[in-house]
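Below is one structure, written out as structure tokens; comments come after it.
Each chain gets a letter, A, B and so on, in the order its sequence line appears, and its residues count up from 1.
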Amino acid sequence: MRRYFGRKLLIYGLTFFVAVTINWMIPRFMPGDPVQSMLSRANVAQPAAVEAMRAHYTAMFGFDLPLWQQYLNFWGSLLKGDLGISIWLFPTPVSDVIIRAVPYTLGLLIPSILLSWFAGNRFGAFAARRKWLDNSVLPVGYVLTATPYMWLAILLAWALGILAGVFPVAGAYGFDMQPSLSWDFLGSLAQHWFLPFASLFLVAFGGWAIGMRNMIIYELEADYVNYLRALGAPMRLVRRYAFRNAILPQVTGLALQLGVLVAGALVTEIVFSYPGLGHLILQAIQNQDFFLLQGTFLFIVIGVLIANFIIDIAYVLVDPRTRTGMGGAA
Amino acid sequence: MTAVPTVRREALHFALRNRKLVVGTVIVAVFLVAGLAGPLLFDHGPNDYVGPPMASPSGEFWFGTTTFGQDVFAQFVYGLRSTFLVGVLGGVLAAVVGMVVGFVAGYRGGWVDELLTMLTNIVLVLPALVVLLIINAYLGVRSIGVQALFIGLTSWPWAARAIRAQTFSLRSREFVDLARLSGVRTPKIILREIAPNMSSYLFLTFILLFGSAILIAASLDFIGLGPTEGVSLGLMLNNAARWSALQLGLWWWFIPPGAGITAIVGALYVMNVGLDEVFNPKLREM
């Protein structure tokens with residue numbers, strides 16, 4: 001088991017290293033000049049001012065140093081938690097901007113991932129090899145999982161927000177409110193949270209349900225199932241055994257899907273102007289705020305790595321083989 | 001020599017009777033034809049201002065017009081083209097990288113395998129869309145080709161892992177040993193002995209990569225990092241959201257592009273399951 005976690009941690013460490021290196025390399029080696037595009041955005045006319053700003057930004061990125069030193073400095077400031085200054089919200093540090101947005105993204109992501117995973121697996125296992133459910137509900141699952149997150153979000157916002165007027169379609173709480181611990185505020189928060197949550201939940205739900213249904217169908221063909229049935233075991237028991245075997249790939253699948261789910265949350269937030277990381281990314285792109293964009297990137301990578309590690313621990317808990325060193329998922 | 005044609009004929013027999021496969025293929029084909037032939041119907045470009053602004057669907061403008069008087073139907077068929085292009089290019093590239101990595105890692109084993117598996121796992125954990133965001137944000141001019149290139153380079157890992165596992169189980173079979181003993185070189189063994197034995201699996205992998213490339217491209221376009229010129233279904237959604245089509249009630253602007261993506265990707269998934277049933281007798285409906 002120590003070997004299992006050691007390997008995983010090595011991978012995550014290396015991934016973090018690669019992510020930081022990508023983050024450092026892209027502004028330096030991509031075609032295009034970030035300093036130039038920030039200058040053109042600032043829209044200053046006097047040449048003297050432009051030169052001063054160019055010098056300022058170049059020094060801020062550290063473009064005037066030798067490459068290896070730029071790289072070491074980058075790591076140095078990163079380890080001190082310094083991600084630079086946001087240009088969009090000048091002069092707030094990028095880390096502050098991100099930390100303010102993170103709770104909103106987590107508040108959407110964690111419930112929608114967990115609930116869709118549990119509900120989808122239960123439902124998929126239930127539907128497998130039951131004629132009418134399999135034929136009527138699973139096509140719906142395929143449609144859901146093929147739906148682009150932002151489109152479902154747009155449809156829900158339009159149908160339930162604008163046509164029916166039941167839910168608000170922008171922001172995380174009423175525009176006339178200040179964050180506080182009152183019932184009014186919490187109610188408004190929940191109301192604004194529901195639609196983005198629902199669209200994330202629905203798309204992910206379809207994917208889990210189909211995955212589980214297919215796994216169960218594989219399992220029901222396995223030898224142990226035939227043996228159990230030959231012994232005359234009730235179908236309920238057989239299904240329970242199949243479920244326990246089929247859930248393992250679904251745990252691994254959760255780790256594989258994290259990137260897609262995070263991406264889904266980002267675009268959903270953009271549709272609802274929900275003030276999480278997705279909204280930050282949109283603002284960063286529209287305002288050419290590269291520090292903010294890169295900081296958000298690192299934050300998301302770290303979040304995904306932590307979530308992966310939690311899933312690894314969960315895997316050890318549900319799969320006894322990893323505990324006794326008999327293999328399982330390496 | 002009669003064995004191969006019989007297997008093929010049997011596969012065809014089940015393929016034509018598999019409802020999922022037939023329905024999926026027909027849907028994809030319809031959209032493909034619309035994307036290929038549709039643009040020929042217009043003598044104007046997809047972004048030209050040809051009609052009255054905000055017109056609802058009519059005989060002249062099948063899907064209505066945008067706030068600027070652009071023809072939504074023209075944008076839709078041109079957008080289908082870019083969607084298929086991104087899907088095919090990104091899917092093919094991801095499949096090729098995944099196959100090379102998977103075959104080599106699975107067949108060679110040893111430290112080559114360790115190294116490639118490590119690389120695969122690293123790219124696998126990195127959230128692809130976020131990496132693509134960073135790359136695309138720094139690109140001044142973005143095109144469909146470059147978009148597909150980076151999508152292909154970031155979405156191959158799960159395919160490589162699956163192909164590696166399959167190769168691993170095939171490489172100690174007798175026919176592979178026999179080929180090795182008769183002095184056949186490694187690339188030829190992989191191409192002639194191993195790949196054909198999992199060709200159905202490779203095809204299924206490609207279909208899934210095709211679908212996911214379309215979805216990733218749509219997300220990028222929607223965030224505003226789509227191709228700087230031209231039109232795509234994701235860009236249409238982006239424009240509709242940006243110019244408040246929702247608040248103005250222009251449903252004909254944002255429903256068709258999303259429905260198109262959903263239909264194509266959903267049909268690909270359904271095709272995938274259908275093909276799986278054709279190739280794997282255990283899964284056929286009884």
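Contacts between A:L152 and chain B at a heavy-atom distance below 4.5 Å are absent for every atom of the residue. The parts of A:L293 that come within reach of chain B are both its backbone and its side chain, each placing non-hydrogen atoms under 4.5 angstrom from that chain. Heavy atoms of B:A267 lying under 4.5 Å from chain A are absent altogether. Interface remark: A:Y149 contributes no atoms to any contact with chain B (heavy atom separation under 4.5 Å). A:I154 touches chain B through backbone and side chain together, each having a heavy atom under 4.5 Å away. Residue A:T296: no heavy atom, backbone or side chain, is found under 4.5 Å from chain B. Heavy atoms closer than 4.5 Å to chain A are found in both the backbone and the side chain of B:A218. In this structure, the portion of A:V18 lying under 4.5 Å from any heavy atom of chain B is its side chain and not its backbone.
The environment of CZ in A:R130 is crowded: more than 12 heavy-atom neighbours from other residues, nucleotides or ligands sit within 6.0 Å. Counting non-hydrogen atoms of neighbouring residues, nucleotides and ligands closer than 6.0 angstrom, the CZ atom of B:R19 reaches no more than 12 such neighbours.
Interatomic distance, B:L129 CG to A:I281 CD1, rounded to the nearest 0.5 Å: 8.0 Å. To the nearest 0.5 Å, the span separating CE on A:M150 from CG on B:N238 amounts to 9.0 Å.
Interface check for chain A: of the options B:G224, B:A241, B:S219, B:A263, the most heavy-atom pairs under 4.5 Å are formed by B:S219.
Counting all heavy atoms, side chain and backbone alike, A:P148 lies closest to B:G258 at CD-O, 4.3 Å.
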